[in-house]
Participant: 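Next up is a structure, given as C-alpha coordinates.
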Amino acid sequence: STQSTGRSQATRTMLGEKALALLREARRNPHDLPAYDDDALQATVDEICALHREMTYTQAEHAPEDLQTPYVAANVLVHHQSAHRGKRAVLALLMHRLRLIQAMRWDLGTTVLPRGVKENLNRHEVEFFTAYSSLLANYMASVDGLDLTASETPPKALKIQVRVLKDFGQVTTLEGKITLQRGTTHFLRRSDVESLVRQGVVEHIVE
(Lines give C-alpha, C1' and ligand atoms only; values in the text may rest on other atoms or scores of the structure.)
Protein backbone atom coordinates (compact mmCIF):
# COMPACT_ATOMS: atom_id res chain seq x y z
CA SER A 1 0.00 0.00 0.00
CA THR A 2 0.98 3.65 -0.30
CA GLN A 3 1.14 3.94 3.49
CA SER A 4 3.40 0.90 3.79
CA THR A 5 5.63 2.16 1.00
CA GLY A 6 5.94 5.54 2.70
CA ARG A 7 6.88 3.88 5.96
CA SER A 8 9.44 1.65 4.27
CA GLN A 9 11.07 4.57 2.50
CA ALA A 10 11.10 6.54 5.74
CA THR A 11 12.69 3.63 7.59
CA ARG A 12 15.51 3.35 5.07
CA THR A 13 16.38 7.04 5.39
CA MET A 14 15.69 7.70 9.08
CA LEU A 15 19.28 7.38 10.25
CA GLY A 16 20.19 11.01 11.02
CA GLU A 17 22.82 11.21 8.27
CA LYS A 18 22.49 14.99 7.88
CA ALA A 19 23.05 15.79 11.55
CA LEU A 20 25.94 13.32 11.69
CA ALA A 21 27.50 14.99 8.65
CA LEU A 22 27.38 18.33 10.50
CA LEU A 23 28.99 16.71 13.54
CA ARG A 24 31.80 15.27 11.42
CA GLU A 25 32.41 18.73 9.95
CA ALA A 26 32.50 20.21 13.47
CA ARG A 27 35.09 17.61 14.47
CA ARG A 28 37.27 18.49 11.47
CA ASN A 29 37.04 22.22 12.29
CA PRO A 30 36.38 22.37 16.06
CA HIS A 31 36.99 26.11 16.38
CA ASP A 32 34.84 27.23 13.42
CA LEU A 33 31.24 28.34 13.79
CA PRO A 34 29.58 27.77 10.40
CA ALA A 35 26.17 29.07 9.41
CA TYR A 36 23.30 27.42 11.30
CA ASP A 37 21.94 24.74 8.96
CA ASP A 38 18.25 24.86 9.77
CA ASP A 39 17.32 22.58 6.85
CA ALA A 40 19.61 19.75 7.95
CA LEU A 41 18.56 19.93 11.60
CA GLN A 42 14.87 20.19 10.76
CA ALA A 43 15.23 17.18 8.45
CA THR A 44 16.71 15.20 11.35
CA VAL A 45 13.86 16.25 13.66
CA ASP A 46 11.37 15.17 10.98
CA GLU A 47 13.17 11.82 10.74
CA ILE A 48 12.93 11.33 14.51
CA CYS A 49 9.20 12.06 14.42
CA ALA A 50 8.73 9.62 11.52
CA LEU A 51 10.59 6.90 13.43
CA HIS A 52 8.38 7.47 16.45
CA ARG A 53 5.27 7.19 14.28
CA GLU A 54 6.61 3.93 12.84
CA MET A 55 7.16 2.51 16.32
CA THR A 56 3.65 3.54 17.35
CA TYR A 57 2.17 1.96 14.23
CA THR A 58 4.06 -1.30 14.79
CA GLN A 59 2.88 -1.51 18.42
CA ALA A 60 -0.72 -0.73 17.43
CA GLU A 61 -0.98 -3.36 14.69
CA HIS A 62 0.31 -6.22 16.84
CA ALA A 63 -1.24 -7.90 19.85
CA PRO A 64 0.66 -7.41 23.13
CA GLU A 65 1.94 -10.98 23.12
CA ASP A 66 3.27 -10.56 19.55
CA LEU A 67 5.48 -7.64 20.58
CA GLN A 68 7.83 -10.13 22.22
CA THR A 69 8.47 -12.06 19.01
CA PRO A 70 12.01 -11.51 17.64
CA TYR A 71 10.86 -9.91 14.37
CA VAL A 72 8.53 -7.35 15.97
CA ALA A 73 10.82 -6.66 18.93
CA ALA A 74 13.79 -6.09 16.60
CA ASN A 75 11.71 -3.75 14.43
CA VAL A 76 10.74 -1.60 17.41
CA LEU A 77 14.29 -1.66 18.83
CA VAL A 78 15.90 -0.56 15.55
CA HIS A 79 13.50 2.35 15.17
CA HIS A 80 13.96 3.37 18.79
CA GLN A 81 17.76 3.27 18.55
CA SER A 82 17.73 5.21 15.28
CA ALA A 83 15.53 7.93 16.82
CA HIS A 84 17.77 8.05 19.89
CA ARG A 85 20.84 8.35 17.66
CA GLY A 86 19.29 11.27 15.80
CA LYS A 87 18.44 13.04 19.07
CA ARG A 88 21.98 12.60 20.37
CA ALA A 89 23.44 13.96 17.13
CA VAL A 90 21.24 17.07 17.20
CA LEU A 91 21.87 17.76 20.90
CA ALA A 92 25.64 17.23 20.54
CA LEU A 93 25.78 19.66 17.63
CA LEU A 94 23.73 22.32 19.42
CA MET A 95 25.85 21.99 22.57
CA HIS A 96 29.03 22.30 20.51
CA ARG A 97 27.75 25.53 18.95
CA LEU A 98 26.72 26.96 22.35
CA ARG A 99 30.17 26.28 23.79
CA LEU A 100 31.76 28.10 20.86
CA ILE A 101 29.40 31.04 21.42
CA GLN A 102 30.33 31.15 25.11
CA ALA A 103 34.04 31.05 24.27
CA MET A 104 33.53 33.87 21.77
CA ARG A 105 32.25 36.14 24.54
CA TRP A 106 35.46 35.55 26.51
CA ASP A 107 37.76 35.79 23.50
CA LEU A 108 36.25 38.98 22.07
CA GLY A 109 35.72 40.67 25.42
CA THR A 110 32.68 42.49 24.06
CA THR A 111 28.90 42.17 24.13
CA VAL A 112 28.66 42.99 20.42
CA LEU A 113 28.92 40.13 17.95
CA PRO A 114 30.92 40.82 14.78
CA ARG A 115 28.62 41.00 11.77
CA GLY A 116 30.22 38.00 10.07
CA VAL A 117 29.67 35.88 13.18
CA LYS A 118 26.12 37.05 13.88
CA GLU A 119 25.06 36.09 10.37
CA ASN A 120 25.98 32.48 11.13
CA LEU A 121 23.73 32.24 14.21
CA ASN A 122 20.03 31.62 14.38
CA ARG A 123 17.72 33.81 16.46
CA HIS A 124 17.89 31.62 19.57
CA GLU A 125 21.70 31.54 19.51
CA VAL A 126 21.84 35.34 19.31
CA GLU A 127 19.48 35.52 22.28
CA PHE A 128 21.70 33.06 24.17
CA PHE A 129 24.80 35.17 23.50
CA THR A 130 22.99 38.30 24.70
CA ALA A 131 21.75 36.61 27.88
CA TYR A 132 25.16 35.05 28.59
CA SER A 133 26.89 38.40 28.05
CA SER A 134 24.46 40.10 30.41
CA LEU A 135 25.04 37.44 33.06
CA LEU A 136 28.82 37.79 32.77
CA ALA A 137 28.65 41.61 32.80
CA ASN A 138 26.47 41.60 35.93
CA TYR A 139 28.90 39.29 37.70
CA MET A 140 31.93 41.40 36.77
CA ALA A 141 30.10 44.50 38.00
CA SER A 142 29.49 42.77 41.33
CA VAL A 143 33.24 42.28 41.84
CA ASP A 144 34.21 45.93 41.53
CA GLY A 145 34.11 45.96 37.73
CA LEU A 146 36.92 43.44 37.34
CA ASP A 147 37.27 42.50 33.65
CA LEU A 148 37.51 38.72 33.72
CA THR A 149 37.93 38.61 29.94
CA ALA A 150 41.23 40.50 30.06
CA SER A 151 44.51 38.75 29.36
CA GLU A 152 45.74 36.53 32.19
CA THR A 153 49.35 37.46 31.38
CA PRO A 154 50.62 40.37 33.50
CA PRO A 155 51.30 43.37 31.21
CA LYS A 156 54.80 44.77 30.85
CA ALA A 157 53.37 48.30 30.58
CA LEU A 158 50.07 49.93 31.48
CA LYS A 159 49.89 51.68 28.09
CA ILE A 160 50.53 50.39 24.58
CA GLN A 161 50.69 51.96 21.14
CA VAL A 162 48.03 50.76 18.72
CA ARG A 163 47.22 51.36 15.06
CA VAL A 164 43.57 51.57 13.99
CA LEU A 165 42.79 49.02 11.27
CA LYS A 166 39.25 50.16 10.46
CA ASP A 167 36.99 53.11 11.22
CA PHE A 168 35.24 52.43 14.51
CA GLY A 169 33.97 55.81 15.64
CA GLN A 170 34.09 57.19 19.14
CA VAL A 171 34.97 55.09 22.18
CA THR A 172 35.14 55.98 25.85
CA THR A 173 38.34 55.24 27.77
CA LEU A 174 39.36 55.91 31.35
CA GLU A 175 41.08 59.04 30.11
CA GLY A 176 38.14 60.32 28.07
CA LYS A 177 36.60 59.88 24.63
CA ILE A 178 38.67 59.26 21.51
CA THR A 179 37.79 58.70 17.85
CA LEU A 180 39.25 55.65 16.16
CA GLN A 181 39.90 56.39 12.50
CA ARG A 182 41.61 53.95 10.19
CA GLY A 183 45.36 54.50 9.92
CA THR A 184 45.70 56.61 13.06
CA THR A 185 47.86 55.57 16.00
CA HIS A 186 47.15 56.03 19.69
CA PHE A 187 48.93 55.49 23.00
CA LEU A 188 46.27 54.04 25.27
CA ARG A 189 45.81 52.04 28.42
CA ARG A 190 46.04 48.32 27.72
CA SER A 191 42.79 47.67 29.58
CA ASP A 192 40.96 50.10 27.26
CA VAL A 193 42.02 48.43 24.02
CA GLU A 194 42.48 44.72 24.76
CA SER A 195 39.01 43.85 23.53
CA LEU A 196 39.50 46.04 20.44
CA VAL A 197 42.70 44.17 19.64
CA ARG A 198 40.86 40.84 19.89
CA GLN A 199 38.11 42.14 17.62
CA GLY A 200 40.62 43.23 15.00
CA VAL A 201 39.72 46.93 15.27
CA VAL A 202 43.26 47.93 16.28
CA GLU A 203 46.63 46.20 16.32
CA HIS A 204 49.35 46.43 18.93
CA ILE A 205 52.45 48.12 17.55
CA VAL A 206 55.42 46.25 18.92
CA GLU A 207 58.68 48.17 18.72
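Only a predicted model underlies this, so the values are computations on that prediction, with no experimental measurement involved.
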Participant: In Å and rounded to the nearest 0.5 Å, what is the CG to CG distance from Asp37 to Leu22?
Facilitator: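 The distance works out to 5.0 Å.
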Participant: Name every donor-acceptor pair, under 3.5 Å, that has one atom in a side chain of residues 68-77 and the other anywhere in the protein, sequence neighbours excluded.
Facilitator:
residue, atom, partner, partner atom, Å
Thr69, OG1, Asp66, O, 2.7
Asn75, OD1, Thr58, OG1, 3.3

Participant: So, using side chain to side chain contact (heavy atoms under 4.5 Å, CB included) as the criterion, who are the partners of Arg163 when residues are at least two apart?
Facilitator: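 For Arg163, the residues satisfying side chain to side chain contact (heavy atoms under 4.5 Å, CB included) (neighbours in sequence not counted) are Thr185, Glu203, Ile205.
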Participant: With the side chain counted from C-beta on, respond yes when Leu121 and Leu113 share a heavy-atom pair under 4.5 Å apart, and no when they do not.
Facilitator: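 Yes, side chains in contact.
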Participant: Answer yes or no: is there a donor N or O on one side and an acceptor on the other, between the side chain of Thr44 and the main chain of Ala40, under 3.5 Å?
Facilitator: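 Looks like yes, one N/O pair under 3.5 Å.
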Participant: Working to the nearest 0.5 angstrom, can you tell me the gap between Leu135 CG and Met140 CE?
Facilitator: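 Rounded to the nearest 0.5 Å, the CG-CE separation comes to 10.0 Å.
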Participant: About how many Å separate CZ of Arg88 and CG of Leu23, when rounded to the nearest 0.5 Å?
Facilitator: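 Rounded to the nearest 0.5 Å, the CG-CZ separation comes out at 10.5 Å.
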Participant: Just jot down the side chain to side chain contact (heavy atoms under 4.5 Å, CB included) partners of His80, sequence neighbours excluded, or say none.
Facilitator: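 His80: side chain to side chain contact (heavy atoms under 4.5 Å, CB included) contacts with Met55.
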Participant: Enter the distance from Glu54:CD to Glu47:CD here, rounded to the nearest 0.5 Å.
Facilitator: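 Atom-to-atom, Glu54:CD and Glu47:CD are 13.5 Å apart.
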Participant: Could you go through residues 166-173 and list every donor-acceptor pair under 3.5 Å that involves a side-chain atom there, pairing it with any protein atom two or more places apart or in another chain?
Facilitator:
residue, atom, partner, partner atom, Å
Asp167, OD1, Arg182, N, 2.7
Thr173, OG1, Glu175, N, 3.2
Thr173, OG1, Gly176, N, 3.3
Thr173, OG1, Gly176, O, 2.7

Participant: Under the rule for side chain to side chain donor-acceptor pair (under 3.5 Å), what residues qualify as partners of Glu127, not counting sequence neighbours?
Facilitator: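 Partners of Glu127 under the side chain to side chain donor-acceptor pair (under 3.5 Å) test: Arg123.
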Participant: Who pairs with Tyr132 by side chain to side chain donor-acceptor pair (under 3.5 Å), at least two apart in sequence or on another chain?
Facilitator: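 Tyr132 satisfies side chain to side chain donor-acceptor pair (under 3.5 Å) with Trp106 only.
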Participant: Val126 and Phe128: same hydrophobic cluster, using ILVMFWY side-chain contacts below 4.5 Å?
Facilitator: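 In one cluster with Val126: Phe128, yes.
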Participant: Give the cluster check for Ile178 versus Leu165: same hydrophobic cluster or not, with ILVMFWY residues linked at side-chain heavy-atom distances below 4.5 Å.
Facilitator: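 No; tracing contacts between hydrophobic side chains, which count when under 4.5 Å, never links both residues.
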Participant: Check the pair Arg85, Gln81 against side-chain contact (heavy atoms from CB on, under 4.5 Å), reporting the backbone distance first and the verdict last.
Facilitator: CA-CA 6 Å; Arg85 179 192 187 204; Gln81 294 286 37; over 6 Å; no
Participant: Taking only residues two or more places apart in sequence, or in another chain, which ones meet Phe187 in a side chain to side chain contact (heavy atoms under 4.5 Å, CB included)?
Facilitator: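 Lys159, Gln161.
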Participant: How many angstroms lie between CZ in Arg190 and CD1 in Ile160, if you round to the nearest 0.5 Å?
Facilitator: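 Between atom CZ of Arg190 and atom CD1 of Ile160 there are 5.0 Å.
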Participant: Could you list the donor-acceptor pairs under 3.5 angstrom formed by side chains in residues 97-105, with sequence neighbours left out?
Facilitator:
residue, atom, partner, partner atom, Å
Arg97, NE, Glu125, OE2, 2.6
Arg97, NH1, Pro34, O, 2.8
Arg97, NH2, Pro34, O, 3.4
Arg97, NH2, Asn120, O, 2.9
Arg97, NH2, Glu125, OE1, 3.0
Arg105, NE, Ser133, OG, 3.3

Participant: Report the C-alpha distance between Leu196 and Leu180 in whole Å, list the side-chain angles of each, state the deciding distance to 0.1 Å, and finish with yes or no for side-chain contact (heavy atoms from CB on, under 4.5 Å).
Facilitator: CA-CA 11 Å; Leu196 296 175; Leu180 298 179; 3.7 Å; yes
Participant: Same cluster or not: Val143 versus Leu136, using hydrophobic residues (I, L, V, M, F, W, Y) connected whenever any side-chain heavy atoms lie under 4.5 Å apart?
Facilitator: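 Linked, Val143 and Leu136 end up in one cluster.
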Participant: Check the pair His186 / Val164 against side-chain contact (heavy atoms from CB on, under 4.5 Å), numbers first and verdict last.
Facilitator: CA-CA 8 Å; His186 303 269; Val164 183; 3.7 Å; yes
Participant: More than 12 heavy atoms of other residues, nucleotides or ligands under 6.0 Å from NE2 of His204: yes or no?
Facilitator: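 Count over threshold, so yes.
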Participant: Donor-acceptor check, side chain of Gln199 to backbone of Ser195, threshold 3.5 angstrom: yes or no?
Facilitator: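 Flag set: sc Gln199 to bb Ser195 pair under 3.5 Å.
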Participant: Side chain to side chain donor-acceptor pair (under 3.5 Å) with Asp147: which residues, sequence neighbours excluded?
Facilitator: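 Per chain and number, Asp147 pairs via side chain to side chain donor-acceptor pair (under 3.5 Å) with Thr149.
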Participant: Is it the case that one hydrophobic cluster holds both Tyr36 and Leu20, taking links as side-chain heavy atoms less than 4.5 Å apart, direct or via other members?
Facilitator: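 Yes.
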Participant: Can you sort out the partners of Thr179 under side chain to side chain donor-acceptor pair (under 3.5 Å), two or more places apart, ordered by chain and number?
Facilitator: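 Partners of Thr179 under the side chain to side chain donor-acceptor pair (under 3.5 Å) test: none.
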Participant: Going by distance alone, is a donor N or O of one side chain under 3.5 Å from an acceptor N or O of the other, for His84 and Ser82?
Facilitator: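 Ser82 and His84 do not have a side-chain donor-acceptor pair below 3.5 Å.
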Participant: Rounded to the nearest 0.5 Å, what's the gap from CG on Leu93 to NE2 on His96? Could you check?
Facilitator: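 The CG atom of Leu93 sits 7.5 Å away from the NE2 atom of His96.
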Participant: Give a yes or no on whether the backbone of Thr130 and the side-chain of Ser134 come within a donor-acceptor separation of less than 3.5 Å.
Facilitator: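 Side chain of Ser134 to backbone of Thr130: no pair is present.
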Participant: Using residues 25-33 as the side-chain source, report each donor-acceptor pair under 3.5 Å to any protein atom, sequence neighbours left out, with the distance given to one decimal.
Facilitator:
residue, atom, partner, partner atom, Å
Glu25, OE1, Arg28, NE, 3.4
Glu25, OE1, Arg28, NH2, 2.7
Glu25, OE2, Asn29, ND2, 2.7

Participant: Check whether any side-chain heavy atom of Val90 sits under 4.5 Å from a side-chain heavy atom of Leu94, and report yes or no.
Facilitator: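 Yes, side chains in contact.
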Participant: For Lys87, what residues pass the side chain to side chain contact (heavy atoms under 4.5 Å, CB included) criterion, not counting sequence neighbours?
Facilitator: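 Lys87: side chain to side chain contact (heavy atoms under 4.5 Å, CB included) contacts with Ile48.
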Participant: What about Leu108 and Val202, same hydrophobic cluster or not, with Ile/Leu/Val/Met/Phe/Trp/Tyr joined at side-chain heavy-atom distances under 4.5 Å?
Facilitator: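 As far as the 4.5 Å side-chain criterion goes, Val202 and Leu108 are not connected within one cluster.
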